[in-house]
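Data first, discussion second: the structure below is written as structure tokens.
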Amino acid sequence: MAKIRKAVFPAAGLGTRFLPATKVIPKEMLPLVDKPLIQYGVEEALGSGVEEIIFITARGKGALEDHFDISYELEKTLEERGKTALLSISRQVSHLTNVVSVRQKQALGLGHAVLTARTVVGDEPFAVILGDDIIDSETPCLKQMIEVYEKYGGAPVIALEEIEGEAISRFGVIAGEEVEPGVYRLTDMVEKPKLEDAPSNLAIIGRYVLTPDVFELIASTDAGVGGEIQITDALRRLAQTRPFYGLKFKGRRYDAGDKMGFLEATVELALKREDMGPAFRQYLKTLPLD
Ligand code: UTP
């Protein structure tokens with residue numbers, strides 16, 4: 001069975017929910033406390049055994065590549081000023097990984113973004129990580145998924161989360177049969193159903209382990225509203241051609257692409273930090289919250 005060596009990070013979206021912050025700065029570079037969103041995802045991928053990071057970018061997203069590159073002037077200045085702790089933080093990022101980036105020339109949807117990675121991924125299974133979904137967990141979420149991929153003979157796996165009530169209509173939702181606690185063999189998927197039409201309360205979130213046959217399925221997917229090619233239709237057809245699993249991952253997900261989720265992540269991750277958590281907790285207690 002092929003190892004999951006490559007992770008694709010679609011990052012060519014316009015980030016309109018964060019305007020005006022994202023007019024010039026890529027959404028993926030917004031920091032949670034002091035680390036850009038994209039770095040959380042990259043660290044998760046590397047912590048799951050991925051060796052190659054592939055960014056799907058667009059005009060104005062150059063900061064993503066620069067972030068993982070050596071910043072010569074910054075490092076030289078920090079070195080000259082004897083700021084060794086800060087120097088090591090900057091160096092750690094550039095030493096994390098090499099990145100490959102591919103341009104998606106028009107934001108034609110998530111399916112189209114993944115298809116853009118086809119020649120770089122080649123004929124091997126790969127991961128897709130949506131950097132907006134920040135997952136705080138003991139075992140990296142992607143690693144949990146790769147364990148399922150390996151256990152079920154190299155079958156594709158998507159990450160699932162239970163969503164209660166009307167909010168389910170914002171997600172792709174699966175139908176499936178639970179084959180072991182937390183693992184579902186998928187029979188169908190529906191994009192953004194009404195609550196009464198949702199086949200389950202299990203929503204698809206931003207982590208996928210996919211087999212390369214998905215590219216052909218995306219390529220033959222018709223464009224929908226606004227010329228966008230979504231991924232759910234191709235995943236649905238993939239589930240019809242081979243066993244496909246969903247994993248209810250263990251951990252806490254934050255939708256950092258949404259303002260409320262971004263704030264929740266900021267507060268909770270700051271509280272967990274050893275260096276600033278206690279002081280931040282004290283500060284929060286002084287707020288008149290009632
Ligand atoms: P979103 O739906 O969050 O869109 O895309 P967005 O443009 O990033 O943000 P909003 O909704 O305008 O605020 C989900 C993921 O798919 C990527 C995005 O970069 C994001 O990581 N994406 C989306 C692409 O790479 N290309 C696309 O054409 C669309």
Side-chain angles (χ1 to χ4, degrees), residues 6-32 36-45 53-65 67-68 99-121 126-135 141-142 158-159 161 163 167-173 189 191-192 203-208 210 214-215 218-219 221-235 253-265:
K6 301 181 180 181
V8 175
F9 287 77
L14 298 172
T16 54
R17 280 171 292 167
F18 263 101
L19 282 169
T22 48
K23 194 174 164 201
V24 179
I25 297 168
K27 173 174 71 174
E28 296 74 16
M29 291 306 297
L30 298 178
L32 290 176
L37 292 181
I38 191 75
Q39 193 179 332
Y40 287 89
V42 166
E43 287 176 358
E44 179 186 326
I53 302 293
I54 302 163
F55 290 151
I56 308 301
T57 64
R59 275 165 55 83
K61 298 271 185 169
L64 265 77
E65 291 147 43
H67 182 67
F68 293 94
V99 301
V100 175
S101 64
V102 186
R103 289 277 187 130
Q104 185 192 15
K105 292 182 185 165
Q106 279 179 287
L108 290 180
L110 178 57
H112 182 262
V114 172
L115 187 59
T116 309
R118 186 177 194 167
T119 48
V120 185
V121 169
F126 62 103
V128 175
I129 293 191
L130 302 190
D132 284 4
D133 274 340
I134 299 292
I135 299 179
C141 178
L142 183 61
I158 50 180
E161 180 178 325
I163 301 284
I168 196 79
S169 304
R170 298 206 300 266
F171 295 85
V173 181
M189 280 164 235
E191 184 63 23
K192 301 189 173 63
I204 302 169
I205 60 109
R207 300 287 182 278
Y208 311 76
L210 298 174
V214 77
F215 289 125
I218 301 173
T221 299
D222 291 331
V225 186
E228 291 206 352
I229 299 175
Q230 293 310 336
I231 201 167
T232 313
D233 184 37
L235 297 184
R253 180 186 67 95
Y254 302 96
D255 178 6
D258 169 79
K259 278 177 248 196
M260 203 45 208
F262 186 88
L263 287 174
E264 287 169 15

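Start at 1 and go down the list; that is how both ligands and their atoms are numbered. This is a predicted model, so every value here is computed, not measured.
Considering each of Ala12, Gly257, Gly41, Gly206, the one bringing a non-hydrogen atom nearest atom 25 (O) of ligand 1 is Ala12. Closest heavy-atom approach to atom 15 (C) of ligand 1 among the candidates Thr57, Leu130, Val128, Val8: Leu130.
The distance from the CD1 atom of Ile38 to the CD1 atom of Ile134 is 8.5 Å, given to the nearest 0.5 Å.
Close approach of ligand 1 to Ala113 (heavy-atom distance below 4.0 Å) involves ligand atoms 24 (C), 25 (O), 26 (N). Close approach of ligand 1 to Leu110 (heavy-atom distance below 4.0 Å) involves ligand atoms 16 (O), 29 (C). For ligand 1 and Glu28, the ligand atoms under 4.0 Å from any heavy atom of the residue are 19 (O). Ligand-side atoms of ligand 1 in range of Ala107: 28 (O), range being under 4.0 angstrom from any heavy atom. Atoms of ligand 1 lying under 4.0 Å from at least one heavy atom of Lys27, given by number and element, are 3 (O), 6 (P), 8 (O), 9 (O).
Residues forming a side chain to side chain donor-acceptor pair (under 3.5 Å) with Thr232 (at least two apart in sequence, or on another chain): Glu191. With sequence neighbours excluded, the residues forming a side chain to side chain donor-acceptor pair (under 3.5 Å) with Glu228 are Gln230, listed by chain and number.
Side-chain N or O atoms of Lys6 include one that pairs as donor or acceptor with a backbone N or O of Val120 at under 3.5 Å. At distances below 3.5 Å, at least one donor-acceptor pair connects side-chain atoms of Arg207 with backbone N or O atoms of Leu130. A distance-only check finds a donor-acceptor pair linking the side chain of Lys61 to the backbone of Ala11 [under 3.5 Å]. A donor-acceptor contact shorter than 3.5 Å links the side chain of Glu44 to the backbone of Leu142.
The parts of Thr16 lying near ligand 1 are both backbone and side chain, judged by heavy-atom distances below 4.0 Å. The side chain of Gln104, and not its backbone, has at least one atom closer than 4.0 Å to an atom of ligand 1 (non-hydrogen atoms only; side chain from C-beta on). When heavy-atom distances to ligand 1 are checked against a 4.0 Å cut-off, Glu228 has no atom that comes that close, whether in backbone or side chain. Of all the heavy atoms of Ala11, the ones lying under 4.0 Å from any atom of ligand 1 belong exclusively to the backbone. Looking at Asp132 against ligand 1, only its side chain comes within 4.0 Å, counting heavy atoms.
Using 4.0 Å as the threshold, His112 has no heavy atom nearer than that to any atom of ligand 1. At a 4.0 Å cut-off, at least one heavy atom of Leu14 sits close enough to ligand 1 to count as contact.
Among protein heavy atoms, the minimum distance from atom 2 (O) of ligand 1 is reached at Arg17 NH2, 4.3 Å.
Between Gly13 and ligand 1, a contact under 3.5 Å exists for at least one N or O pair. Looking at Gly131 next to ligand 1, no N or O pair under 3.5 Å apart turns up. Residue Gly109 has at least one nitrogen or oxygen atom sitting less than 3.5 Å from a nitrogen or oxygen atom of ligand 1, judged on distance alone. Of the polar atoms of Pro10, at least one N or O is found under 3.5 Å from an N or O of ligand 1, judged by distance alone.
No side-chain heavy atom of Asp258 sits less than 4.5 Å from a side-chain heavy atom of Arg170. You'll find the side chain of Leu210 stays beyond 4.5 Å of the side chain of Val8, heavy atoms only. Here the side chains of Tyr208 and Ile231 are in contact, with some heavy-atom distance below 4.5 Å.
At most 12 heavy atoms of other shown residues, nucleotides or ligands fall within 6.0 angstrom of atom CD1 in Ile25.
Put simply, atom 5 (O) of ligand 1 has no protein non-hydrogen atoms near it, under 4.0 Å away.
Donor-acceptor pairing under 3.5 Å is recorded for the side chains of Ser101 and Glu65.
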